[in-house]
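This report refers to the structure that appears directly beneath it.
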Amino acid sequence: MQAALNPRQLAAVKHLDGPSLVLAGAGSGKTRVITRKIAYLIQRCGIDPRNIAAVTFTNKAAREMKGRVKKLLEKNQGKGLRVSTFHTLGLDIIRRELEILGYKAGFSIYDNTDSVALLKELMKKAFGDHGNQAEKNLWQISNWKSAFIQPDQALKEANGDPVLSTAATLYEQYNHHLKTYNAVDFDDLIMLPGLLFREHPEVLERWQNRIRYLLVDEYQDTNTAQYELVKMLTGVRGNLTVVGDDDQSIYTWRGAQPENMALLKEDFPNLEIIKLEQNYRSTRRILHAANTLIANNAHIFEKKLWSDLGHGDPIRIIRVANEEAEAEQIISELLHHKFVNRTKFKDYAILYRGNHQSRLFERALREHDIPYYLSGGTSFFAYAEVKDIMSYLRLLANPEDDNAFVRIINTPRREIGPGTLEKLSLYASERNSSLFNACFELGLAQHLSARAAERLHIFCDWILELANKAENGEPVETIHLMLRNIDYDQWLLDNGKDEAQANRRIGNIKELLSWIARMAKTTPEASLGELVARLTLLDTLERENEDDRGDQVSLMTLHAAKGLEFPNVYLVGVEEELLPHRNSIENDTIEEERRLAYVGITRAQKNLTLSFAQKRKRYGEVADCTPSRFIDELPSDDLQWTGEGVKMDPQERLQRGQAHLANLREMLAK
DNA sequence: AGAGTGAACCTTTTT
DNA sequence: GGTTCACTCT
């Protein structure tokens with residue numbers, strides 16, 4: 001566990017004063033550097049853990065890092081240490097600076113679905129229809145927020161372009177409505193702290209004094225807003241450590257700016273650059289293939305990964321007739337390999353470009369009774385019943401949350417239908433207030449029937465009563481009371497397709513509640529609003545031993561595979577139009593696709609197999625496929641071709657024999 | 001109001 | 001091929 005650091009890693013850990021950029025190639029131990037550096041700061045330098053913050057992009061990465069730091073420290077030695085995602089850090093800042101920002105306690109966090117719904121609403125109001133453009137506009141707004149660009153600036157920069165001008169106008173309205181609902185979206189969690197710091201130097205100073213040592217993981221994935229935040233927090237003190245790899249930048253389509261790595265050099269002239277080039281993961285052959293492939297990209301920083309884990313087996317390229325044969329063949333090869341090598345299912349991963357590619361593999365795995373783990377299915381929080389209850393909780397914490405209001409006002413039935421809601425909504429926008437507050441305005445009675453108004457009042461009074469209880473008593477008790485009030489389990493039983501489905505849903509709610517109860521126990525001071533906010537930032541509920549997935553084959557997209565490693569990797573569908581994806585060919589973003597392939601290849605420790613089909617069904621039509629250009633970019637000496645239509649000529653047979661011999665020699669030499 | 005039908009769509013997706 | 005969404009029918 002406490003393996004010695006190599007000299008470069010050690011240098012990275014010990015570099016204390018001033019900013020440093022650790023260029024960490026795939027498998028070079030970057031997480032180890034961050035965790036060891038945190039331990040070093042606390043144990044050797046006597047830094048108060050409360051003054052250290054490590055930031056990651058995913059909950060999973062944060063969890064993993066927390067666990068690894070904990071192992072390095074004595075009990076309680078890390079008290080107050082902050083290891084979180086960018087978004088959670090932003091949430092904490094916003095929560096502590098609520099008044100200055102003009103938000104009220106219990107504010108809601110709108111997720112993607114909420115934001116799309118709001119935008120559709122706004123577009124309907126403005127143009128009578130949203131014409132399926134809501135997502136595109138939201139994407140644009142998100143881009144602006146990620147780039148730290150405000151609505152007025154966006155409008156100026158749109159420069160009369162009709163599409164952009166519309167989006168910019170919507171951006172303004174969208175923000176305005178969020179504020180009315182006492183809500184923020186995901187991007188706001190980054191952007192608002194940035195704006196706050198820019199406008200209030202005294203607040204920034206407070207936070208700079210709190211976070212004296214900042215460490216950022218996967219730095220190549222930062223967007224402009226995140227980098228601004230990092231820069232501001234770092235300030236003149238400059239104790240910034242960032243770890244990243246420009247070759248693994250695969251999120252530029254989401255606003256990530258790998259250029260931020262180069263910008264560091266300009267923004268921090270005393271930047272220390274440390275390269276980690278020894279790979280502890282893969283065989284030389286796999287690494288050589290990865291290096292050869294990625295050499296086709298332009299680079300900000302040059303680096304050359306090496307490994308001393310042996311030469312390794314050739315990389316296999318399998319050609320199959322079609323996508324069904326691909327799944328069948330890969331699975332039977334996997335079984336064969338497992339049998340011969342006495343490995344476990346969890347030693348294997350099947351990686352692909354798009355989620356839809358998983359279907360055939362799932363089928364084949366099920367047919368062979370092979371247990372598998374599918375990453376990236378529906379998130380727990382996407383289930384209707386979970387969304388319902390989350391909406392109730394959001395409304396309790398923040399009655400002005402219109403999305404939550406609309407979602408559950410008539411679930412279960414309260415005889416408040418679209419007609420009533422329509423009138424209420426009209427009145428609310430007239431009064432520039434939230435739906436909830438509009439219910440209490442006197443003028444409403446003129447727009448609604450007495451019965452409808454009465455029903456609304458009953459509902460709102462009930463919410464207020466519960467909200468009061470939640471604030472003064474135990475939030476968890478209040479939640480249970482609320483569920484009993486609405487008799488939600490019964491509603492699920494009455495409205496489900498069948499009993500099994502209803503029971504599954506009831507189970508999900510139970511799981512949600514037990515999670516909240518656990519969370520409330522560990523942080524007794526947290527308000528209902530805080531609990532709900534934390535939940536919103538999670539993709540999935542964390543299980544006790546969630547890393548222990550059991551003995552299962554992993555199935556995931558290349559994006560989801562970043563940061564992971566497996567002894568045996570199958571990279572499937574390596575075809576033009578798939579990897580690289582068709583859109584990337586059209587948009588001329590081949591380099592990112594190449595990095596994606598690079599990420600896939602570098603996941604493998606011992607064995608790597610690529611496959612491509614000659615024909616594949618796409619959108620129901622059978623189409624001819626061409627092997628990916630990336631296969632041509634691999635070192636042909638390290639490849640071994642098999643499959644349909646591939647005859648092994650004597651020359652190749654000889655080569656394979658020699659390769660085999662070389663391998664044996666290598667093994668003997670150890 | 002909820003189910004049923006046809007038309008349009010379609011990468012990746014940390015939060 | 002499969003999903004999502006709007007509109008229509010009962």
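Note on naming: letters A, B, ... go to the chains in the order of the sequence lines (proteins, then strands), and numbering restarts at 1 for each one.
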* **Test salt bridge (Lys or Arg N to Asp or Glu O under 4.0 Å) applied to A:Arg534 - qualifying residues, sequence neighbours left out** => A:Asp92
* Any residue meeting ring-ring contact (aromatic ring centres under 6.0 Å, His included) with A:Trp139, in chain and number order, not counting sequence neighbours -> none
* Structure fact -> Contact string for nucleotides 6-15 of chain B, one letter per nucleotide 5' to 3', B = base within protein heavy-atom range under 4.0 Å, S = sugar-phosphate only, - = neither, reads ----BBBBBB
* With sequence neighbours excluded, residues passing salt bridge (Lys or Arg N to Asp or Glu O under 4.0 Å) with A:Asp388 -> A:Arg407
* Please work out if A:Arg595 contacts a base, only the sugar-phosphate, or nothing of the nucleic acid, heavy-atom cut-off 4.0 Å. => nothing
Show me the donor-acceptor pairs, under 3.5 Å and distance only, between side chains in residues 618-627 of chain A and residues at least two apart or in other chains.
| residue | atom | partner | partner atom | Å |
| --- | --- | --- | --- | --- |
| A:Arg618 | NH2 | A:Glu577 | O | 3.4 |
| A:Asp624 | OD1 | A:Lys615 | NZ | 2.7 |

* Could I get the full list of ring-ring contact (aromatic ring centres under 6.0 Å, His included) partners for A:Phe405, not counting sequence neighbours? => A:Phe459
Write down the protein N/O and nucleotide N/O pairs, taken from nucleotides 2-5 of chain B, whose separation is under 3.5 Å; answer none if there are no such pairs.
| residue | atom | partner | partner atom | Å |
| --- | --- | --- | --- | --- |
| B:dG2 | OP1 | A:Arg413 | NH1 | 2.4 |

* Any residue meeting salt bridge (Lys or Arg N to Asp or Glu O under 4.0 Å) with A:Glu218, in chain and number order, not counting sequence neighbours -> A:Lys30, A:Lys562
* Asked: With A:Phe86, which residues qualify under ring-ring contact (aromatic ring centres under 6.0 Å, His included), at least two apart?
  -> A:Phe57
* Can you list the residues that meet the salt bridge (Lys or Arg N to Asp or Glu O under 4.0 Å) rule with A:Lys387, with sequence neighbours excluded? -> A:Asp111
* Where does B:dT11 land, syn or anti, once you apply the within-90°-of-0 test for syn? -> syn
* **Sequence neighbours excluded, every pair satisfying side-chain hydrogen bond (donor to acceptor under 3.5 Å, both in side chains) that has a member inside residues 590-602 of chain A** => A:Thr252-A:Glu592, A:Asn297-A:Arg594, A:Arg353-A:Glu593, A:Ser584-A:Glu593, A:Glu592-A:Arg595, A:Arg594-A:Glu633
* Considering only the C1' atoms, how many Å lie between B:dT12 and C:dC5, rounded to the nearest integer? -> 23 Å
* Asked: Which nucleotide span of DNA chain C, 5' end to 3' end, has atoms closer than 4.0 Å to non-hydrogen atoms of chain A?
  -> C:dG1 to C:dA6
